[in-house]
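Note that this is a predicted model, so its numbers are computed, not measured.
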Amino acid sequence: MRDPTGEFFEAVRRRGHEPLLEKTEGTILFSLSQDHRTNHWFVEISCGEVRVSREERGADCVARTDQALFDVMVTGRERMRRAWLRNEVVVEGDLMLLARFERIFPGPPGARHPRAVSGREHRP
């Protein structure tokens with residue numbers, strides 16, 4: 001059975017360094033409910049270096065939501081901010097830290113980089 005959330009966090013863990021988070025410091029705990037249990041993902045960000053674990057511990061920001069909804073978010077089919085505005089994500093602590101972390105979530109399926117669309121391909 002496919003696990004989009006696990007795949008997302010494993011990819012983040014493997015990359016280690018995220019250029020979009022180079023000016024970001026803090027910790028986020030994602031508490032994801034599923035079938036009367038809660039799965040935890042703990043993210044530490046320090047100047048773009050990102051570490052991921054399954055620990056449940058205190059964090060600068062805690063985001064609570066349903067596992068199925070989070071699976072949709074990490075595949076780019078839903079934005080965290082929209083779900084938060086609908087009260088489907090409960091956030092405690094540093095909301096801006098969560099907003100910065102959301103930058104590394106994938107875009108909608110089929111989305112292309114704006115420069116690729118304009119003919120000016122972006123090359124990292």
Side-chain angles (χ1 to χ4, degrees):
M1 186 168 158
R2 188 164 182 262
D3 176 14
T5 295
E7 292 170 10
F8 169 77
F9 281 118
E10 179 59 24
V12 170
R13 186 193 63 75
R14 276 193 316 269
R15 284 191 307 268
H17 184 80
E18 290 290 346
L20 291 172
L21 299 175
E22 286 182 348
K23 296 182 181 180
T24 302
E25 296 270 342
T27 56
I28 306 170
L29 176 66
F30 293 94
S31 294
L32 311 175
S33 60
Q34 179 182 31
D35 300 326
H36 305 293
R37 65 187 173 107
T38 303
N39 298 311
H40 300 283
W41 294 92
F42 186 77
V43 178
E44 297 175 82
I45 307 165
S46 179
C47 299
E49 295 302 317
V50 182
R51 290 179 298 284
V52 177
S53 70
R54 298 300 305 264
E55 296 178 70
E56 178 186 6
R57 55 188 256 214
D60 300 316
C61 177
V62 178
R64 291 183 175 83
T65 192
D66 181 75
Q67 176 75 53
L69 175 59
F70 198 78
D71 286 346
V72 173
M73 286 188 253
V74 297
T75 58
R77 297 178 312 206
E78 178 63 81
R79 301 295 298 168
M80 177 135 357
R81 279 174 241 195
R82 290 181 190 159
W84 175 73
L85 289 170
R86 292 190 310 264
N87 289 325
E88 295 174 337
V89 176
V90 176
V91 179
E92 297 172 13
D94 189 347
L95 180 60
M96 290 308 297
L97 178 61
L98 184 61
R100 286 189 296 270
F101 184 74
E102 187 183 16
R103 292 176 185 172
I104 68 169
F105 280 40
R112 298 183 333 196
H113 193 282
R115 290 187 183 138
V117 173
S118 70
R120 296 178 300 164
E121 186 71 31
H122 175 70
R123 304 207 192 272

* Asked: Do I28 and M96 share a hydrophobic cluster, counting only Ile, Leu, Val, Met, Phe, Trp and Tyr and linking them when any side-chain heavy atoms are less than 4.5 Å apart?
  -> no

* **Side-chain touch M80/L98, heavy atoms, less than 4.5 angstrom** => yes

* Asked: What is the minimum heavy-atom distance between A59 and L29, and which atoms define it?
  -> CB-N, 3.6 Å

* Structure fact -> One should read off an interatomic distance between W84 CH2 and T65 OG1, to the nearest 0.5 angstrom, of 13.5 Å

* To do: Tell me, with the steps shown, if Q34 and D71 meet side chain to side chain contact (heavy atoms under 4.5 Å, CB included).
  => CA-CA 11 Å; Q34 179 182 31; D71 286 346; 5.9 Å; no

* Specify the closest pair of heavy atoms between H40 and S31, including all atoms of both residues, with the distance to one decimal. => ND1-OG, 3.2 Å

* Asked: Taking C-beta and beyond as the side chain, do T75 and F105 meet within less than 4.5 Å on heavy atoms?
  -> no

* Asked: Between C47 and E25, is any pair of side-chain heavy atoms under 4.5 Å apart?
  -> yes

* Asked: Between I104 and F8, what is the shortest heavy-atom contact and its length?
  -> O-CE1, 4.0 Å

* To do: Measure across P106 and R79 and return the closest heavy-atom pair with its distance rounded to 0.1 Å.
  => O-NH1, 4.3 Å

* Asked: Can you find a heavy atom in the side chain of F9 that is under 4.5 Å from one in the side chain of F30?
  -> yes

* To do: Over all heavy atoms of both residues, which pair between E78 and A83 is shortest? Give the atoms and the distance, please.
  => OE2-N, 4.4 Å

* Structure fact -> Correct closest heavy-atom pair for W41 and V52 would be CE3-CG1, 3.8 Å

* With the side chain counted from C-beta on, respond yes when E88 and R82 share a heavy-atom pair under 4.5 Å apart, and no when they do not. => no

* **Joint hydrophobic cluster, L95 plus V90, side-chain heavy atoms closer than 4.5 Å** => no

* Calculate, to the nearest 0.5 Å, the distance between atoms OG and NE2 belonging to S46 and H17 respectively. => 10.5 Å

* Is V91 reachable from I45 through a run of I, L, V, M, F, W or Y residues, each pair having side-chain heavy atoms under 4.5 Å apart? -> yes

* **E56 CD: over 12 foreign heavy atoms closer than 6.0 Å** => no

* With the 4.5 Å side-chain cut-off for hydrophobic clustering, are L21 and L97 part of the same group? -> yes

* **Salt-bridge contact E92-R64 (side-chain N to carboxylate O under 4.0 Å)** => yes

* Asked: Is there a donor-acceptor contact under 3.5 Å from the side chain of D60 to the main chain of T27?
  -> yes

* Flag side-chain contact, heavy atom, 4.5 Å: V89 against M73 -> yes

* Asked: Distance only, no hydrogens: is a donor on one side chain within 3.5 Å (strictly under) of an acceptor on the other, for Q67 and N39?
  -> yes

* Asked: Who passes side-chain hydrogen bond (donor to acceptor under 3.5 Å, both in side chains) against R51, sequence neighbours left out?
  -> none

* To do: Take T38 and L32, measure what side chain to side chain contact (heavy atoms under 4.5 Å, CB included) needs, and give me the verdict at the end.
  => CA-CA 5 Å; T38 303; L32 311 175; 5.8 Å; no

* To do: Could you tell me whether the side chain of F70 reaches within less than 4.5 Å of the side chain of V74, counting heavy atoms only?
  => yes

* Asked: Would you say the side chain of E44 lies within less than 4.5 Å of the side chain of E49, judging by non-hydrogen atoms?
  -> no

